[in-house]
Structures are given as structure tokens and as C-alpha cells.
Amino acid sequence: MTEDPHADHGDVTLSLAEQLPDGGLLYQSWPICACTLEALRARLGPPRHQSLATREQVETTGRAILSVDSGLKMGEGL
């Protein structure tokens, strides 16, 4: 059996947000290996936007979003 060369690497979520012609937003994300980040950042260049949040901030924001009946659909493979 072949050993996974990425087994000891961290996981990263690659996110894409596309603004639609009607003003809506399509959000997609993929799990990727952390070892790809250096090359990906070099290829993409400096980010237009960047943010940093603690785990507590992310969880608080997620709870707030899920508590509002906004019609926002969150989940896998939508």
C-alpha cells in the first residue's frame, strides 16, 4: 500500500466567493493540503482582502448566522 505523502500535513480550506450578475453571492470551498499554500500564494500574488479571527470569534459568528432566518444555506455540496 502506498503511503499518503500529505498524511502529516495540515488541512486548509480554499474558498471562492463569486459575485453573481443579480447581486447574489456564490460561495464554494475545497479542502486542500497545507503544503500547497506557498506555491498557491506565489501564483495568486498579494490578496485583495485578508482577515484573521480567533476560533471563538469564528464560532460566535457562525452561531449568529445560523440563528437568523436569512435564507442562507450552509452545508456540504449545495
* Kindly write out the residues that satisfy salt bridge (Lys or Arg N to Asp or Glu O under 4.0 Å) with R55, not counting sequence neighbours, or none if the list is empty. => E59
* To do: Go through the steps to decide whether L37 and V12 satisfy the test side chain to side chain contact (heavy atoms under 4.5 Å, CB included), and finish with yes or no.
  => CA-CA 8 Å; L37 288 180; V12 173; 3.6 Å; yes
* Asked: Are there more than 12 heavy atoms of other residues, nucleotides or ligands under 6.0 Å from atom CD of E56?
  -> no
* Atom pair OG1/NE2 of T36 and H9 - distance to nearest 0.5 Å -> 10.0 Å
* **T13: partners by side-chain hydrogen bond (donor to acceptor under 3.5 Å, both in side chains), with sequence neighbours left out** => none
* **Sub-4.5 Å side-chain heavy-atom contact between L40 and I32** => yes
* Asked: Between the side chains of Q57 and T60, does any donor sit under 3.5 Å from an acceptor?
  -> no
* hydrophobic_cluster_shared for L14 and L44, side chain cutoff 4.5 Å -> yes
* To do: First locate atom SG of C33, then atom CG of D11, and finally report the distance between them rounded to the nearest 0.5 Å.
  => 7.5 Å
